[in-house]
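The figures that follow rest on heavy atoms only: side chains count, while hydrogens, waters and symmetry mates do not. Predicted model, so just to flag it, every value in this text is computed and none were measured. Index from 1, following the sequence.
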Amino acid sequence: MKKLVIIPAFNEGSNIVRTVEDIRTHAPEYDLIVINDCSRDNTLEVCRTNNIPVLDLPVNLGIGGAVQTGYLYALSGGYDIAVQMDGDGQHDAAFLARMEEALVRERADMVIGSRFIQKEGFQSSGLRRMGIRFFEILTGGLFGMRITDATSGMRMVGRRTIELFVKDYPRDYPEPETVCRLLRKKYKVIEVPVVMRGRESGVSSISAAKSVYYMIKVSLAILIERLR
């Protein structure tokens, strides 16, 4: 099978080499592509200097548009499996083998790497854990399946899901919404335990000031998804 890691990146110049080296060391059978979403730092220069495959977007599309670009690249390249991993180095490529084994064994459409199943490694801040727990309860109540880490940016999908995401993918904060979309369409979504790291440098795209907007926007999007 052809396998691809999609790495959306915005101002990750200080992290991107470490992220790519981790993939090349622990999952060398995976191709990779960095989607540079108009970074204002040296992300593009670092990729080119270190011979890292990169697509440089002409305009800032946000996380949703950047990831969807990666899925379009995967579809056009004939990939059977696509993995989304953040460019900040928090995701451990050593767990890709576990995720792939579960995807194939369970014939799943999406495998989410969850930090909350075994509760090891970096667990995020207390405030964010409360938000993630809220989405777990909301998803369980609306779709009948509780996802412990719906906001996880480490997720693996098969060809059928790649084709769906190329046609339709949310723009802002897409992770919980895409999970609910798959559940509504009766796609099979499963989770496997992973261990994540804390961010060593840079800042998260979701600041404290954006947290309220994030919770309201994503909650409304999930409710609308249920009504479709």
- Message: If you define the side chain from C-beta out and look only at heavy atoms, does anything of Val111 sit under 4.5 Å from Glu106?
- Response: no
- What heavy-atom pair brings Met99 and Val192 nearest, and what distance separates the two atoms? CG-CG2, 3.5 Å
- Heavy atoms, side chains only, cut-off 4.5 Å: are Val218 and Phe135 in contact? yes
- Message: With clusters defined by side-chain heavy atoms of hydrophobic residues (ILVMFWY) lying less than 4.5 Å apart, directly or transitively, does Val59 cluster with Leu57?
- Response: yes
- Item | Minimum heavy-atom distance Pro193-Phe95, with the two atoms named | O-CD2, 3.9 Å
- Joint hydrophobic cluster, Phe143 plus Leu223, side-chain heavy atoms closer than 4.5 Å: yes
- Atom CG in Leu75, atom NZ in Lys167: separation rounded to 0.5 Å? 9.0 Å
- Return the minimal non-hydrogen interatomic distance between Gly113 and Val194, and the atom names on each side. C-CG2, 3.5 Å
- Go through the structure and list residues passing salt bridge (Lys or Arg N to Asp or Glu O under 4.0 Å) with Lys217, not counting sequence neighbours. Glu177
- Query: Which residues pass the salt bridge (Lys or Arg N to Asp or Glu O under 4.0 Å) test with Arg226, sequence neighbours left out?
  - Reply: none
- Query: Is the side chain of Ser152 donor-acceptor paired with the backbone N or O of Met154 at a distance under 3.5 Å, no angle test?
  - Reply: yes
- Message: I need the minimum non-hydrogen distance between Thr43 and Gly13, along with the two atoms involved.
- Response: OG1-N, 3.0 Å
- Note on the structure: Value for CG (Asp22) from CG (Leu96), rounded to nearest 0.5 Å, stands at 8.5 Å
- Task: Apply the test side-chain contact (heavy atoms from CB on, under 4.5 Å) to residues Phe134 and Met215: give CA-CA distance (whole Å), side-chain angles for both, the deciding distance (0.1 Å), then the verdict.
- Result: CA-CA 9 Å; Phe134 170 77; Met215 291 298 297; 3.5 Å; yes
- Query: Quick one: does Val67's side chain get under 4.5 Å of Ile35's, heavy atoms only?
  - Reply: no
Side chains of residues 77-87: which donor-acceptor partners sit under 3.5 Å, not counting sequence neighbours?
residue : atom : partner : partner atom : Å
Tyr79   : OH   : Asp31   : OD2          : 2.7
Asp80   : OD2  : Lys2    : N            : 2.9
Gln84   : NE2  : Glu175  : OE2          : 3.2

- Message: If hydrophobic clusters are built from ILVMFWY residues whose side chains come within less than 4.5 Å, do Leu103 and Met1 share one?
- Response: yes
- Task: Report the residues that fulfil ring pair (Phe, Tyr, Trp, His ring centres under 6.0 Å) with Tyr169, sequence neighbours left out, ordered by chain and then residue number.
- Result: Tyr71, Phe165
- Task: Kindly indicate whether the side chain of Cys180, heavy atoms from C-beta on, has any atom under 4.5 Å from the side chain of Leu142.
- Result: no
- Counting distance only, does the side-chain N/O of Asn11 pair as donor-acceptor with the main-chain N or O of Arg40 below 3.5 Å? yes
- Residues passing the side chain to side chain donor-acceptor pair (under 3.5 Å) test with Tyr30, sequence neighbours excluded, are Glu100
- Could you state the interatomic distance from CD1 (Ile147) to CD1 (Ile112), rounded to the nearest 0.5 Å? 5.0 Å
- Query: Do Leu61 and Phe10 have side-chain heavy atoms sitting under 4.5 Å apart?
  - Reply: no
- Note on the structure: side chain to side chain donor-acceptor pair (under 3.5 Å) filter on Thr148, not counting sequence neighbours, yields Ser114, Glu191
- Message: Just to verify, what does Arg98 make a salt bridge (Lys or Arg N to Asp or Glu O under 4.0 Å) with, not counting sequence neighbours?
- Response: none
- Should Ile117 and Met196 be regarded as members of a common hydrophobic cluster, given that ILVMFWY residues are connected when their side-chain heavy atoms come within less than 4.5 Å of each other, either directly or indirectly? no
- Note on the structure: Across all chains, not counting sequence neighbours, the side chain to side chain contact (heavy atoms under 4.5 Å, CB included) partners of Arg107 are none
- Query: For atom CZ of Arg171, is the number of surrounding heavy atoms from other residues, nucleotides or ligands below 6.0 Å larger than 12?
  - Reply: no
- Mind jotting down which residue pairs meet the salt bridge (charged side-chain N to carboxylate O under 4.0 Å, His left out) criterion with at least one end in residues 138-160? Sequence neighbours excluded, please. Asp109-Arg160, Arg115-Asp149, Glu136-Arg146, Arg159-Glu163
- Message: Before you tell me yes or no, could you show the steps for Asn36 and Asp56 under side chain to side chain donor-acceptor pair (under 3.5 Å), namely the whole-Å CA-CA distance, both residues' side-chain angles and the distance that decides it to 0.1 Å?
- Response: CA-CA 5 Å; Asn36 180 45; Asp56 187 36; 2.8 Å; yes
- Task: Just jot down the side chain to side chain donor-acceptor pair (under 3.5 Å) partners of Arg105, sequence neighbours excluded, or say none.
- Result: Glu101
- Note on the structure: On a heavy-atom basis, the closest approach of Val179 and Ala150 is CG2-O, 4.3 Å
- Message: So does Gly65 get a backbone contact from the side chain of Thr69, meaning a donor-acceptor N/O pair under 3.5 Å?
- Response: yes
Please tabulate, one pair per line, all N/O donor-acceptor pairs under 3.5 Å involving side-chain atoms of residues 45-54, not counting sequence neighbours.
residue : atom : partner : partner atom : Å
Thr49   : OG1  : Glu45   : O            : 2.8
Asn50   : ND2  : Val46   : O            : 2.8

- Query: Given Asp168 and Arg181, is the salt bridge (Lys or Arg N to Asp or Glu O under 4.0 Å) satisfied, shown in steps?
  - Reply: CA-CA 10 Å; Asp168 185 19; Arg181 183 161 302 167; 2.9 Å; yes
- Atom CD1 in Ile137, atom CD1 in Ile132: separation rounded to 0.5 Å? 12.5 Å
- Message: On a heavy-atom basis, which atom in Thr19 and which in Gly89 lie closest, and how many Å separate them?
- Response: OG1-N, 3.1 Å
- Any chance you could lay out the side-chain contact (heavy atoms from CB on, under 4.5 Å) test for Ile7 and Val20, step after step, and finish with the verdict? CA-CA 9 Å; Ile7 309 171; Val20 169; 4.2 Å; yes
- Query: CD1 of Ile224 to OG of Ser219: how many Å apart, nearest 0.5 Å?
  - Reply: 11.0 Å
- Might you work through the side-chain contact (heavy atoms from CB on, under 4.5 Å) test for Ile63 and Asp172, ending with a clear yes or no? CA-CA 7 Å; Ile63 181 64; Asp172 288 328; 5.8 Å; no
- Message: Rounded to the nearest 0.5 Å, what separates atom CG in Leu164 from atom OG1 in Thr178?
- Response: 9.5 Å
- Among all residues two or more places apart in sequence or in another chain, which pass the salt bridge (Lys or Arg N to Asp or Glu O under 4.0 Å) test with Asp37? none
